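Below is one structure, written out as structure tokens; comments come after it.
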Amino acid sequence: MNLSKINRTKEDKIFDVINITLLTLMLLAILYPLYFIVIASISNPDRIFAGDVWLYPIEVTFEGYARIFQDGKIWIGYKNTIIYTAVGTAINIALTLTAAYALSRKDFFGRNFFMFMFVFTMFFSGGLIPTYLVVQNLGMVNTMWAMIIPKAVAIWNIIVARTFFQSTIPDEMLEAAKVDGCSNTKFFTKIVLPLSKPVIAVMVLFYAVGHWNSYFDALVYLNDEALYPLQLILRNILIQNEAAATMVSDVESVAAQQRVADLIKYGVIIVGSLPLLIVYPFIQKYFVQGVMIGGIKG
């Protein structure tokens with residue numbers, strides 16, 4: 001049947017118009033602030049405060065970006081964030097998949113008890129101070145491991161991966177592998193992991209975005225600026241107005257320094273968000289897939 005030939009009532013057409021209008025307004029409400037930051041980062045700050053900049057950049061200048069990339073702290077932050085994201089995501093994936101697979105096995109004695117203990121931590125935790133004391137006693141304060149080990153596993157991701165294994169890897173496959181002399185480790189590495197590429201992609205995406213955007217752990221556990229991630233450096237610039245001295249030291253008047261600082265603030269938002277904005281269109285399907293995987297009945 002050709003659905004396009006179905007007669008639509010007046011109420012259906014009115015609903016479509018309202019629906020499209022609301023969705024368009026929501027899209028503009030989300031996209032315009034991002035667009036404004038982009039054009040503001042290359043416009044004259046005086047024209048921004050005058051309200052002239054709202055649709056396109058005016059008196060285009062890239063001075064803010066030039067000063068941002070001349071500052072060594074930005075590059076150090078990028079390097080640290082890439083390291084935290086790469087190492088942290090690798091540890092996250094290793095622990096999440098192994099734990100989820102074990103909990104998905106029906107022959108694993110006590111799996112319901114362990115699952116209950118994992119889920120319990122989603123609702124009740126020791127709090128910030130006890131967690132800090134644990135990290136301190138383990139000697140991880142002011143080290144890169146303080147950014148990685150305390151959040152090595154996300155319980156929700158274990159639940160999603162466990163559900164995927166239960167619904168995708170049938171028990172008969174394991175039984176057939178055992179008949180051929182396959183061990184549990186070999187079955188997991190040679191059969192389960194190759195069949196689990198969708199959930200692995202979802203887990204990598206979720207964990208990597210979390211590491212890239214993380215700043216609170218650095219704020220709590222790190223004192224050495226050489227270990228600061230990019231997001232904490234950007235936070236200091238945006239919230240605490242701590243533009244590096246090298247960025248504005250050659251500007252004489254206070255008013256001119258403020259204008260340059262404003263350009264830097266807009267620019268660092270783009271600098272911190274650009275990598276994810278570039279990657280997201282290529283991996284957005286995995287966000288949808290992740291939601292679908294989590295909704296599968298186990």
Side-chain angles (χ1 to χ4, degrees), residues 84-135 137-138 140 145-211 213-214 217 283 285-298:
Y84 298 152
T85 300
V87 177
T89 302
I91 293 175
N92 295 146
I93 295 300
L95 295 179
T96 299
L97 294 181
T98 51
Y101 174 68
L103 293 169
S104 69
R105 289 281 296 272
K106 295 180 180 179
D107 57 344
F108 176 42
F109 178 76
R111 68 168 185 157
N112 291 331
F113 169 76
F114 289 110
M115 194 67 217
F116 170 78
M117 296 302 295
F118 281 145
V119 174
F120 184 83
T121 63
M122 292 180 63
F123 303 100
F124 303 96
S125 64
L128 179 60
I129 294 177
T131 302
Y132 179 86
L133 293 176
V134 170
V135 173
N137 291 333
L138 291 174
M140 294 190 297
W145 300 111
M147 298 291 295
I148 297 172
I149 301 301
K151 53 183 180 182
V153 172
I155 306 304
W156 173 252
N157 289 340
I158 289 181
I159 296 174
V160 172
R162 172 178 174 264
T163 303
F164 178 85
F165 290 141
Q166 288 178 333
S167 60
T168 306
I169 311 298
D171 296 336
E172 293 77 12
M173 187 179 294
L174 176 59
E175 294 173 0
K178 285 185 175 180
V179 171
D180 293 335
C182 183
S183 64
N184 284 321
T185 301
K186 191 173 183 179
F187 177 75
F188 177 72
T189 56
K190 299 295 184 180
I191 298 177
V192 174
L193 291 183
L195 294 175
S196 305
K197 291 180 181 178
V199 76
I200 292 175
V202 171
M203 295 296 103
V204 169
L205 183 62
F206 288 171
Y207 280 123
V209 171
H211 283 293
N213 291 327
S214 176
D217 288 345
I283 56 179
K285 62 180 180 180
Y286 292 120
F287 277 104
V288 178
Q289 195 168 21
V291 174
M292 296 300 293
I293 289 173
I296 295 174
K297 183 177 180 181

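Please read these numbers as outputs of a predicted model, since none were measured by experiment. In this chain, residues are counted from 1 in sequence order.
Every side chain to side chain contact (heavy atoms under 4.5 Å, CB included) that I129 has, sequence neighbours left out, goes to L133.
Without hydrogens or angle criteria, S167 side chain to F164 main chain gives a donor-acceptor distance under 3.5 Å.
Under the side-chain hydrogen bond (donor to acceptor under 3.5 Å, both in side chains) criterion, no residue pair touches residues 170-181, with sequence neighbours excluded. Among pairs with a residue in residues 185-194, none fulfils side-chain hydrogen bond (donor to acceptor under 3.5 Å, both in side chains), at least two apart in sequence or across chains.
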Pair up each side-chain donor or acceptor in residues 85-102 with any protein partner under 3.5 Å, not counting sequence neighbours, and list the distances.
residue : atom : partner : partner atom : Å
T85     : OG1  : T81     : O            : 2.7
T89     : OG1  : T85     : O            : 2.6
N92     : OD1  : H211    : NE2          : 2.6
N92     : ND2  : G88     : O            : 3.4
N92     : ND2  : K151    : O            : 3.3
N92     : ND2  : A152    : O            : 2.5
T96     : OG1  : N92     : O            : 2.7
T96     : OG1  : Y207    : OH           : 2.6
T98     : OG1  : A94     : O            : 2.7
T98     : OG1  : L95     : O            : 3.1
Y101    : OH   : R105    : NH1          : 2.9

Per-pair distances, 0.1 Å, donor-acceptor, side chain in residues 111-123, under 3.5 Å, sequence neighbours excluded:
residue : atom : partner : partner atom : Å
R111    : NH1  : L103    : O            : 3.1
R111    : NH1  : S104    : O            : 3.4
T121    : OG1  : F118    : O            : 2.5

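Residues M140 and I148 are not in side-chain contact: their nearest non-hydrogen atoms beyond the backbone lie 4.5 Å or more apart.
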Quiz item: Can you check side chain to side chain contact (heavy atoms under 4.5 Å, CB included) on V202 and F206, steps first, answer last?
Solution: CA-CA 6 Å; V202 171; F206 288 171; 3.5 Å; yes
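Atom CG in L174 sits 10.0 Å away from atom CD1 in I169 (nearest 0.5 Å).
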